[in-house]
S.K.: 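My questions will all concern the structure given below.
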Amino acid sequence: MTAMAEPEVGRARVRKEDERLIAGRTRWTDNITLPGMVHMALLRSPTAHARISAIDTSAAKEMPGVIAVYTGDDLDPGGEVGMPNAWPITPDQKTPRRPMLAQGTVNFAGEAVAAVIARSSAEAEDALAEIDVDYEDLPVVLGLDNAVADGAPLVHEDLGTNTSAEWIFDSAEAGSGGDVQQAISSSEVVVTRRFRQQRLVPAFMEPRSVVVDPTAPQLTMWSATQVPHILKTMVAMTLGLPEHQVRVIAPDVGGGFGGKLAVTPEECAAVVVAQKLGKPVKWTESRSETMVAAHHGRDQMQDITISASRDGTVTGLKVDLLADMGAYLGIVGGGVPVLGAFMFNAIYKIPAYRFSCTTVLTNTTLTDAYRGAGRPEATFGIERIMDELAAELGMDPMALREKNWIAHDEFPYTTVSTLTYDSGNYEAATAKAMQLFDYDGLRREQAERRERGDKVQLGIGISTFTEMCGLAPSRVLGSLDYGAGGWEHAAIRMLPTGKVEVVTGASPHGQGHETAWSQIVADQLGVGFDDIEILHGDTQSSHKGLDTYGSRSLTVGGIAVVKAAEKVIAKARTVAAHLMEAAEEDLEFADGTFTVRGTDTSTAIQDVALAVFAAHNLPDGVEPTLDSEAVFDPENFSFPHGTHLCATEVDTETGRVRLRSYVCVDDIGNVINPLIVEGQMHGGLAQGIAQALYEEAVYDEFGTLTSGTFADYLVPSAMDLPSFTTDRTETAATSNPLGVKGVGEAGTIASTPAVVNAVVDAVRHRGVQDIEMPLSPMRVWHAVHQGNAAAGTEGEAGGGLGSIDPAHGGAQ
Amino acid sequence: MIPAPFDYVAPSTVDEAVRALADAGEDAKVLAGGQSLLPVLRMRLAAPTTVVDLGKIGELTGVRDEGDAVVIGAMTTHYDVQRDPLVHDHALLLARATDTVADPQVRHRGTFGGSLAHADPAGDLLAPALALDAEMVIQGTGGRRTVSAAEFFQDFFTTSLAPEDILVEVRVPKHTGWAAHYEKFNRVAQAWSMVAVAATVRAEGGSIAEARIGLTNMASIPVRATAVEQALVGRPADAETIRAAAEHAADGTSPTVDGNADVEYRQHLAKVLTGRAVEAAMVG
Ligand SMILES: Cc1cc2nc3c(=O)[nH]c(=O)nc-3n(C[C@H](O)[C@H](O)[C@H](O)COP(=O)(O)OP(=O)(O)OC[C@H]3O[C@@H](n4cnc5c(N)ncnc54)[C@H](O)[C@@H]3O)c2cc1C
């Protein structure tokens, strides 16, 4: 008998991916070079809305190294190709066609207008300057309120409106709760606020890149994408290619955060160009292009009304959203704010709820999924207004939450927005967080500082969040008119030497699936961690999958791996019983070994694998393979939750906010690898805090993105963030056999309102009720000195151009 | 993000460099550390026909003692300025300001001379140079000349350097034993200054004997806060003196407006930060 091996699941293993990623000893799309490869560069529109009256490409075609120059009409003469929107949120949604290259009009600054193909990327870029485009300016539609105003100019004339769709959930109609209007009019306390969710840039580390090789019957496309499988199917459908002749490979991908789940015009243009030329084509964007042309995130105006009785019992919640889609609808587009519909009620028992969302077209870069996608926006709205309600009631904000949240013994709990939360323990996570944070001590210090009029005021911010992730039960997606299912695929190949290949349909781009999946399989099959290889991202080896987004990989894809492992063991059991001449029922399987119960006769799964390979001695009718696959479709979403507490110091003389401490206790169920979880939390917190304090995509009145470089779009570094105190409670999910919940978006979803609540709390005694994000020092200072909400106008933050002054072009 | 094509020359003496610039005409550009020039070229905001790289000219690098002044070669990197003992002993303010520039990577390549020649009003080394009465040693086709910091900075990104001129070195009068502090205000650690205050003072027997205050990003060029200096000198080195003096910090400034700060806020910051800078300098 072997000693019980220490389980792999739960070990804080350093990621097996790290060495190659950190040392750069790997393959990114941009460092793939093929024989005869040519390079594509794109000319992008400098104006936000214009009619293209002429494009003259003749001079560009004469430039050194140039092979071809294409316009939108060259690539798609019939004007038939449009980038896919896979989530029409209503049957009558207005969906403008988004061409590969602009045709007829440009609708946002940064839209591609023409493509140069040259022998080198430098030559391609040089030739861009020689393309002559005549633009006839059209009125620019910017800002949600402007776009929906009567008589507003239109982004797309032919649609007749800037409103793409209106989507409504009403608990009275759904039968899941009361009538919200009635609740509001009969309540003792009503608080109404308008919150702005500024526009963000996903800012993944690796800019987008694509290489297309059309030289074999099966066209191969490498792309820095999160969604190789979706891309394969969608490219085939969008361009009318036979799907079996398309192979997509996502090699190592440097981050995505949702920003790489699109099917992009650049990818499609590269395919069409490669086919036209019969040569491999590469396109890699510059950071400047990423900023204007890759999709943005957030950008909502939220009108929220909450009602309650004097004792703090919430009676109703009404949410009206305007969501800026940009100039076109992205692949999930209007679905992003709709996801929020299920999350505004959060962890609370709210008896009456109404949510409406209007998706709006403007002359800006399109918005789509960005880490959290709809859920951060909703969480922000509810957690901010809970603080406002607490202030109105004169109640401690945590006491107000406690009064309204779902108690641990009430699970499973069906919410007013009709989701059933399987598990959770908000009391436990909160108690732990309060203790780590020293809530009472900080409240005392806050009172003292106020008392003595300290110029540095202390504030405490709370965010008790939950989210729905692990996208998703296919049937639920169907009921929401989403264009695909939410299952995931896995396959396990038992190799003759006892090594194991695991194929996953999830597509990691920084998360560490190779490590986590190896840990899972090591425990399931009882083989060594180092004997397992995870294959992903190539539709030839991983032929089936729905990729990585929405914190779905572990809770859906990881479970598929478990199911495939179970099938391997079942097959191996039959063979092992035959080899040991025992009955299957008499075999025990532990630590990779089948043992005949009560004897010391045993055989290792690796030996079974070799025997199956030889196939000399198999039971009758048994196929000579242990290889197995499984597709898992979850029955429910995953509902991680947590309590996040933030203490900020606000320098009332300068408006600067300093994060004094940040404590979060998250409940993501059982944990496969605590180190990976820690990494996800830290990165998520940084992104959520960045929304609160630093980041904003700003357009000027002409629709030019003025925060188009990292000198103006402020992404924080470690220097700007405190040391986080992270901890966990573990309430196992009941919806999957590993008891796991998603973690990829949790930090981002939870942290933004915690920070803003803390800043408002620090200066509420000065009459401040809200400060618009990002909370720049100037906005905070103005708020403190003018009191109340008049802190900054729309699109004010962002920086100067730093050292790059376009008017002067450098020194002298 | 690929610069437009250009010719590249890398002379080994200042004379050759000046000649190369003169030969290439108006559209030539000097390359020092490249930390400001390369982004401009890569974004194609400028497209010089010739780039003259100063990187191979040994005589432009290093710090030396010239009696009453410390002389800093234009090509001395921020990293070397930060660590130089002469700078530390005689121009502490400069070391303190250089500490706040960008990040270690940029400080290893960016140069003192490049920062001054670039003349970005948000650059952190202009105000200290002005406050310390630095002099720029410039070589052009007509030979060498020396220009005071006050004359050197002319406008946004504009200095008295002619197209064929090279900034050779900077003479910084010794401020031996002066206390110094550079108070920088920005939104994230790696960002440029929204406003910053360069303060260096000499105390004598509990009162302020001399003070030099420079302001970053409070106009198109660095500004000397002379009213503050006057209000400090001869007074006891205490909180009340500093508070009263700092009230004058925004006098005569004309800051620009950008998304980070309007005029009112910038002028307010100048006062708060001036108080803090002088106080921190005194504390040491
Ligand atoms: C990410 C980043 C952050 C930064 N943050 C800061 C900051 O916080 N504070 C700050 O002050 N700076 C900052 N900088 C700028 C940095 O300090 C640069 O090094 C400096 O502005 C220019 O120095 P350089 O040697 O790189 O000059 P270059 O970029 O090579 O040249 C700049 C200009 O000066 C001219 N020039 C250079 N040397 C000479 C010379 N000897 N004679 C004549 N003309 C010359 C060039 O022709 C060019 O026009 C930052 C830069 C980067 C990339």
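Throughout, a chain's letter reflects where its sequence line sits, starting with A, and its residues are numbered from 1. This one's a predicted model, so the numbers in the text were calculated from it and none came from an experiment.
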S.K.: Heavy-atom pairs under 4.5 Å with chain A - which of B/Asp103, B/Asn186, B/Leu41 has more of them than the others?
M.R.: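 Option with the greatest count: B/Asn186.
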S.K.: Against chain B, work out which of A/Val657, A/Thr654, A/Leu693, A/Val715 has the most heavy-atom pairs shorter than 4.5 Å and name it.
M.R.: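 The answer is A/Thr654.
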S.K.: Does a side-chain N-to-carboxylate-O contact under 4.0 Å join B/Glu279 and B/Arg276?
M.R.: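 Looking at B/Glu279 and B/Arg276, the cut-off is not met.
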S.K.: B/His268: what forms a side chain to side chain contact (heavy atoms under 4.5 Å, CB included) with it, not counting sequence neighbours?
M.R.: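 Partners of B/His268 under the side chain to side chain contact (heavy atoms under 4.5 Å, CB included) test: A/Trp781, B/Val272.
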S.K.: Heavy-atom distance under 4.5 Å to chain B: side chain of A/Asp651, backbone, both or neither?
M.R.: side chain
S.K.: Describe, in one word, how the ring planes of A/Tyr699 and A/His296 are oriented to each other, choosing from parallel (under 30°), tilted (30 to 60°) and perpendicular (over 60°).
M.R.: tilted
S.K.: Assess whether a salt bridge exists between A/Arg44 and A/Glu266, defined as any Lys/Arg side-chain N lying under 4.0 Å from an Asp/Glu carboxylate O.
M.R.: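 A salt bridge links A/Arg44 with A/Glu266.
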S.K.: In terms of heavy-atom proximity below 4.5 Å to chain A, should B/Arg44 be classed as side chain, backbone, both, or neither?
M.R.: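 Answer is side chain: those atoms of B/Arg44 sit under 4.5 Å from chain A.
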S.K.: Among residues 115-125 of chain A, which residues come closer than 4.5 Å to chain B, judged by heavy atom distances?
M.R.: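 Residues A/Ser121, A/Ala122, A/Glu125 are the ones that qualify, each having a heavy atom under 4.5 Å from chain B.
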S.K.: Could you tell me whether a side-chain N or O of B/Thr158 sits under 3.5 Å from a main-chain N or O of B/Phe156, the two making a donor and an acceptor?
M.R.: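 Here the side-chain-to-backbone pair exists.
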S.K.: Taking only Lys NZ, Arg NE, NH1 and NH2, and the carboxylate oxygens of Asp or Glu, determine whether B/Asp258 and B/Arg266 approach each other closer than 4.0 Å.
M.R.: yes
S.K.: Are any non-hydrogen side-chain atoms of A/Ser776 and B/Tyr265 less than 4.5 angstrom apart?
M.R.: no
S.K.: Look at the side chain of B/Thr216 and the backbone N and O of B/Ala127, then say whether any donor-acceptor pair between them is shorter than 3.5 Å.
M.R.: no
